[in-house]
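In what follows, every heavy atom counts, from backbone to side chain, and hydrogens, waters and symmetry copies are set aside. Note that the coordinates shown come from a computational prediction; the quantities given were computed from them, not determined experimentally.
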Amino acid sequence: MAIWDCDCDGCNKSSVRIYGDCVLCDHHFCVKHLGPEYHTCPKWEDEDRYGPAAQEAEKNEITSLIEKIDILALTQRASSLRNGLACSVAQGLQYDRALRSSVMGGMNYHIEILFEDGISWLARIRRFNATSPPPELRNYIIGSEVSTLQFLSKTKVPIPTVFDFNPDESNPVGVGYILMEKLPGKSLRWSLTTPKQRQKVISQLADIYIELKGFPFSMMGSFNQQNSSHVGPIARESLADFKDLHMRIPGPYTSSEEYFNAHIQLILDLIIRQ
């Protein structure tokens, strides 16, 4: 099987990767059913139609996600991790497009948890739409993200502390989550920065790369064990595959050549399977 199958009735073909994922109607399409006679959603080139449709789709997605969250269970979990210290979230939690840059980043939605002593945490919750990977792959990626943050906490790279995580949606909170420290700052909007601000950001990135250079590894892959620097398969959707109902993730690799050969082989395999 593919990462996703075509959603059209009676079709058992594989969905086309990336181009076959439509966030507007939240469906996946094979190469045949991507045609305009079957898939009628506006294309992104048609800005007048696509823009409003995309905004409505995002609103529906985030509203549905928020409705799944048990706020009481979330705050109780956070409170228990601080010896019962009371906490709360913002009142009237709902989708607000004006606030999207402060609560959304990539495929994550963030809820601020405020403790009565003034400390703030973030609940990092993975969004889910047609562009998302299946739950098994999503959970592997989330676990690797946590492992990476735990590793970076041993370096000088400024990262938030992770206090708890549970990717399983069957947990009492109702969604997978990561509970982490809220760091000070605001979202970076590169197009609005001055040359001086850009120079500062690039300089900070250089410092991070210099710091990471002091932690070499013999294998190419992703961290996949909690509180460990163990390197496992690569947590990346574009490199993953599903065969015979089993998720297959490549790596780790001992060389760039080995990595690129495996990536090329996967691409050829996907072409053959359309």
Side-chain angles (χ1 to χ4, degrees), residues 1-4 14-21 105-108 124-128 131-162 164-168 176-178 180-181 183 188 190 201-274:
M1 63 176 289
I3 280 189
W4 294 111
S14 300
S15 167
V16 175
R17 293 231 183 165
I18 302 177
Y19 298 106
D21 306 331
M107 285 303 292
N108 295 292
R124 184 177 177 91
I125 299 168
R126 195 74 86 204
R127 295 169 52 193
F128 190 83
T131 67
S132 304
E136 184 179 3
L137 177 54
R138 176 197 62 200
N139 292 350
Y140 181 80
I141 293 173
I142 292 174
S144 179
E145 178 181 334
V146 171
S147 298
T148 302
L149 288 170
Q150 290 171 339
F151 169 78
L152 290 173
S153 68
K154 304 172 185 177
T155 72
K156 296 179 181 178
V157 178
I159 53 93
T161 300
V162 174
D164 185 37
F165 91 104
N166 190 333
D168 190 349
Y177 64 86
I178 302 174
M180 60 173 62
E181 174 187 15
L183 297 180
L188 172 65
W190 189 257
V201 172
I202 296 301
S203 177
Q204 290 174 329
L205 284 174
D207 289 339
I208 289 174
Y209 285 125
I210 291 171
E211 171 69 9
L212 293 179
K213 190 175 185 297
F215 298 86
F217 289 89
S218 60
M219 304 286 284
M220 294 176 61
S222 299
F223 297 127
N224 68 342
Q225 295 181 9
Q226 302 310 300
N227 297 302
S228 170
S229 56
H230 176 269
V231 177
I234 299 175
R236 188 174 179 182
E237 181 182 352
S238 63
L239 298 176
D241 197 11
F242 282 77
K243 288 187 177 181
D244 302 323
L245 302 181
H246 295 292
M247 180 175 70
R248 297 189 179 186
I249 310 176
Y253 299 108
T254 58
S255 68
S256 297
E257 180 181 9
E258 188 180 13
Y259 162 78
F260 283 115
N261 281 335
H263 195 180
I264 292 170
Q265 186 57 54
L266 173 61
I267 293 173
L268 294 175
D269 189 28
L270 293 176
I271 291 173
I272 292 173
R273 289 153 51 195
Q274 295 188 327

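Remark: the backbone N or O of Ser132 is paired with a side-chain donor or acceptor of Trp4 at under 3.5 angstrom. Remark: the backbone N or O of Glu257 is paired with a side-chain donor or acceptor of Asn261 at under 3.5 angstrom. Using modelled atom types, one side-chain atom of Tyr140 and one backbone atom of Pro233 make a donor-acceptor pair closer than 3.5 Å. Within the 3.5 Å criterion, the main-chain N or O of Gly106 finds a donor-acceptor partner in the side chain of Arg127. In this structure a side-chain-to-backbone donor-acceptor pair under 3.5 Å is present from Glu211 to Lys156.
Of all non-hydrogen atoms in Ala240 and Ile3, the two that sit nearest each other are O-CD1, 3.9 Å. Across Met247 and Leu137, no two heavy atoms sit closer than the pair SD-CA, 3.5 Å. Smallest separation of non-hydrogen atoms from Pro250 and Leu239: CD-O, 3.0 Å. Heavy atoms only, all atoms of each residue included: Phe223 and Ser144 are closest at O-OG, 2.7 Å. For the pair Glu237 and Pro133, the tightest heavy-atom approach, listed with the atom from each and the gap, is OE1-CD, 3.7 Å. Nearest approach of Ile159 to Glu181, heavy atoms of both residues: O-OE1, 4.3 Å.
Taking CZ of Arg124 as the reference point, atom OH of Tyr177 lies at 15.5 Å (rounded to 0.5 Å). The OG1 atom of Thr148 sits 9.5 Å away from the CG atom of Asn224 when rounded to the nearest 0.5 Å. Note that CD1 of Ile267 and CZ of Phe260 are 10.5 Å apart. Values are rounded to the nearest 0.5 Å.
Partner Asp241 forms a salt bridge (Lys or Arg N to Asp or Glu O under 4.0 Å) with one of Arg17, Arg236, Arg248 and no other, that one being Arg17.
Side chains of Asp21 and Ser15 form a contact here, defined as non-hydrogen atoms less than 4.5 Å apart. No side-chain heavy atom of Val162 sits under 4.5 Å from any side-chain heavy atom of Gln226. Side-chain contact between Phe242 and Glu136 is present, with heavy atoms from C-beta onward closer than 4.5 Å. Considering only heavy atoms from C-beta on, Thr155 stays 4.5 Å or farther from Ile208 through its side chain. Residues Arg138 and Met107 fail the side-chain proximity criterion, which asks for heavy atoms closer than 4.5 Å.
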How far apart are the C-alpha atoms of Thr254 and Met220, what are their side-chain angles, what is the distance that settles it, and do they pass the side chain to side chain contact (heavy atoms under 4.5 Å, CB included) test? CA-CA 6 Å; Thr254 58; Met220 294 176 61; over 6 Å; no
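Residue Lys154 qualifies as enclosed at atom NZ: its count of foreign heavy atoms under 6.0 Å is above 12. Under a cut-off of 6.0 angstrom, the local environment of CD1 in Ile18 is sparse, with at most 12 non-hydrogen atoms contributed by other residues, nucleotides or ligands. Few gaps surround CZ on Phe217; more than 12 heavy atoms of other groups in view lie less than 6.0 Å from it.
Side-chain N/O atoms of Arg126 and Asn108 include a donor and acceptor closer than 3.5 Å.
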